[in-house]
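Inspection log for the structure reproduced underneath, given as structure tokens.
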Amino acid sequence: MTTLPSSTSSVRDGGATAPILSVEDLFVEFRTRENTVNAVNGISYTVSQGETLAILGESGSGKSVSAQAIMGILDMPPAVIPKGEIWFEGRNLLTLPEEEGRKVRGPGISMIFQDALSSLNPVYSVGFQIGEMFRAHRGSSKKEAKQHAVELMDRVRIPAAAQRVNDYPHQFSGGMRQRVMIAMAIALDPKILIADEPTTALDVTVQAQVMDLLKDLQRETGMGLVLITHDLGVVNEVADNVAVMYAGRIVERGTVDDVFTSPAHPYTEGLMNSVPNVEVKGGRLQPITGQPPNLSKIPSGCPFHPRCARRRLGADALPGRDCAGDRPPLRLVVPGREAACHYSEEVLGV
Amino acid sequence: MTESQQQQDLRHDEVQAGTTTGLASPSVDVTNDRQNSLWSDAWKTLKRNPLFWIGSVFGVVFTLMAIAPQFFARGADPRSCDLANSRDTPSSEHWFGFDQQGCDYLANVVYGARSSLIIGVTAVLVVLLLGVVVGAVAGYFGGFTDGLLARIADIFYGLPLILGALVLLRVGPSTDIPIINTRGPGAVALALALFGWMTAMRLVRSQVIAVKSSDYVAAARAMGASSPRILVRHILPNAVAPVLVYATITIGVLIAAEATLTYLGVGLQRPAISWGLQIDAGQDLLRTAPHLVLFPSLILTLTVMAFIMMGDALRDALDPRQRA
Amino acid sequence: MSEPTGATAASAAPDATDVESALPPAPPPGAPLLEIRGLKKYFPLTQGIVFKRTIGHVRAVDGVDLTLRRGETLGLVGESGCGKSTVSKLLVALEKPTDGSILYKGRDVAKMGGRALKQYRREVQIIFQDPYASLNPRMTVGDIVAEGWSVHADIAPRKGRLKRTQELMDRVGLNPDFVNRYPHQFSGGQRQRIGIARALALQPEIIVCDEPVSALDVSVQAQVVNLLEDLQDDFGLSYLFIAHDLSVVRHISDRVAVMYLGSVVEEGTDAQVYGSPSHPYTQALLSSVPLHEPHLRGQKDRILLQGDVPSPANPPSGCRFRTRCWKAQDICAVEPPALVDRGQGHPAACHFAEAREIVPVDVD
């Protein structure tokens, strides 16, 4: 592997290998006639071999947009990337010309989406669509491609793969379609698999099966898995590390164990408190007041401050740490944990 | 406990809604300041479209021409004719020259706008009425009613617009059916509407079927609202956008169709003033006095284009994909 | 607890003096208010365009027994295709049952005449899942909330409607000054509140909540759940809470019923169903729920179901769950198990029902 420039992230989970993918200070804006939407505002993260990184955020946090920027599937007007670098296999994906970018990304980074039905072409059989990966990128013949397709369908545990390879997407259930998409995504042995809300549209029993499959595949291939979701349970059960996003920024980062057990940012804390438990009935929920911010009018200072129960303004605030005026940088709070809050130590209770 | 927590929640929500700003920072305003209906949003989009302005400028000009032709005709009377001026070419005094009879041509073309517009607009109003009523009934009630009405529309679809109107107008005077048995603008408008309502019906019907299954219609029904109330209050306002676009464009189309029918001899008859009649009269003199065909054709084309442009702009403005 | 002001307050309202109620008054809190017995809804599958032939039926709801008591929340969980949405539509009379009965205050809804049915529609309201589709985009918020009063003219006199609308908006956490705004100017959570205000306007007894928070962000879900709970305390409402998120259902419900392929397979209090699930499907369902506390990771029994949900047009004979069940025996294909208590303390529809702790009983 070629050497990569040093990442701005200083966080490493225990025993990780060098990063395969490195996003550095990425900004993405959507410029329309009326306003500019600041979807991503300076995020940096890395993914190593065998690592599962969860990007946790609600709607409007910018989590999907950053992944789309990596994949190069943003509509370039109105989207604009004014700043940032995405390093993969020693190359900055954002500076590559289109054709070369496709060649680098195609076999190396794959993505699966939320709604498998609209991601699959309804007029072609499933085997044809999976086989296309081989015909397009490896020059395989139709026969070879079909063989590979059957193998892959077996690998993603679709029963009776040899018989079902000629079926059409609508003949599969939701969970099976998701597996077909996973098969397409791992066809060329990618180094990184990005899963954008892969289980949101699925029933909980099917969700468990799909997440199990993803984890097993990751163990077999050693690929890096980026899991974009808003589901805290899925993050806890599947991911090693988590980056919490809010208003286009990463507001907390660390291992899942650490972050979920003792959050260092009031937003993460608020999320953990507002989610009901399945193992006990619990008392009244403590929601985060207000609603997610309008990305074209992000609040000054800390973007979370209008909703923060711990905010300090004016006279209450320490110098240079006024939640409404001074934007908190993402900083190391305790070893292995970064948070973008002026008062993280209080949140942690240290 | 509950009370103060609630109040806190409420107050925070109020702040987020953009009213009270108890915060030092600029408030995060998730809702707009003014009331914004979907129509006013569409209007904003419309205003930005140059097609809309070109089309409506022409449209307004031609409408004024129809309402107050004397100003556009520069005071000339289309019927004061002097054979001495027959077929004279345009001059600075008479912009369009004179026709075969020696009448001021500018005046004639301008007065021709009136009948064309009246027929076009009347016909479209009838098309809208028939289309909306039949389409809404077919779409809402479905089943046998829908099947019956759709088959009736199919039958009418089999008859081409011009051919059907032509036959009806030719045969009409010999029957006893009111309006149709005259040879005036009413007959022409009715004939055009009778063979042109089906597309409007189809547009309304498909929108009604789509809207019928919305949750808000289900909510109204669950609440006990009656069918007429649901149709008028919930379904129709959300179903008419495509048919309005169609109607605007159709005004232009039917104006052209009227000119065609009149040219063919079954529409308006002399001494009515119509572009179709003018084109018909002028075609034999195309080589010697081309201005006799040129001017009415030009104005006719511009009028039709104006409405089609407005309709196009309206379609873009009402496109649901552009709405948040 | 203070006297709840539900629909029974109609008699105390100044307007309803001489309008005789077509339905009896509500029973005391805790007594059964809505009883569903053997409810069935089959949708015909047709073939042909002009002359339609019925070639089969989709058995969306196939024998459901439920009881909703006054002032309580009954949670209804199940995965897609289990029929819970159809049950909600049947309860608000948007669909007619194929068989079985819905008894409201002791009277069969299917047999209700004009006036009684109208009152039923007033007293049983519904909140929908999709905040973007459940409000007419061309009506102002005020009109949406007040529409019920135009349909049921005896609840609010015309003069005071604006004020009452604003009070309702305030009550659900919306700024009353926004009464003339349109739905698209509000966020998802706020739109859901508008839907709740619309339901409250008619002073109902029961609100059927059809996945009311599933489409909302996590941080907003909790707001709406709290709101629903507060409203229940204030107005003595009864909820049928339909959802697929098992954590939310446990939090808000007093009793829970689990549905699979058209019928209820297990029912009981939240402690019974979540703490000692007895039906294999409930056990599998609970084992799939991802827990969000790190210290609980790996403490759950993992049960992976095989296969797919069978088609509701062609359900398996006998017990519908047998095709995916690890306990299936010959008897399961022959005799459909009844929903009765088999010694676990709450009813379960399984010949081999056995309580098993799936979710760690965590006393935090």
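The sequence lines fix the lettering, A, B, ..., with proteins before strands; numbering per chain opens at 1.
With respect to chain A, the highest number of heavy-atom pairs below 4.5 Å among C/V225, C/V220, C/I303, C/L304 belongs to C/L304. With respect to chain A, the highest number of heavy-atom pairs below 4.5 Å among C/Q221, C/K300, C/H251 belongs to C/H251. Interface summary for chain C: among A/L232, A/V204, A/I288, the most heavy-atom pairs under 4.5 angstrom belong to A/V204. With respect to chain C, the highest number of heavy-atom pairs below 4.5 Å among A/M272, A/M211, A/Q209 belongs to A/Q209.
Looking at C/S214, neither its backbone nor its side chain comes within 4.5 Å of chain A, counting heavy atoms on both sides. Interface remark: A/D212 contributes side-chain atoms only to the contact with chain C (heavy atom separation under 4.5 Å). Contact of C/D217 with chain A is made through backbone and side chain together, with heavy-atom distances under 4.5 Å.
Using modelled atom types, one side-chain atom of A/K63 and one backbone atom of A/E58 make a donor-acceptor pair closer than 3.5 Å. Within the 3.5 Å criterion, the main-chain N or O of A/A183 finds no donor-acceptor partner in the side chain of A/R155.
Between A/Y267 and A/H265, the ring planes lie perpendicular to each other; the angle is over 60°, past the 30° to 60° tilted range. Between C/F321 and C/H279, the ring planes are tilted. Angles from 30° to 60° get that label.
Applying side-chain contact (heavy atoms from CB on, under 4.5 Å) to C/Q190 and the options C/V141, C/L174, C/V172 leaves one that passes, C/L174.
Ion pairing of C/R69 with C/D254 is absent here, as no side-chain N (NZ or NE/NH1/NH2) approaches a carboxylate O to less than 4.0 Å.
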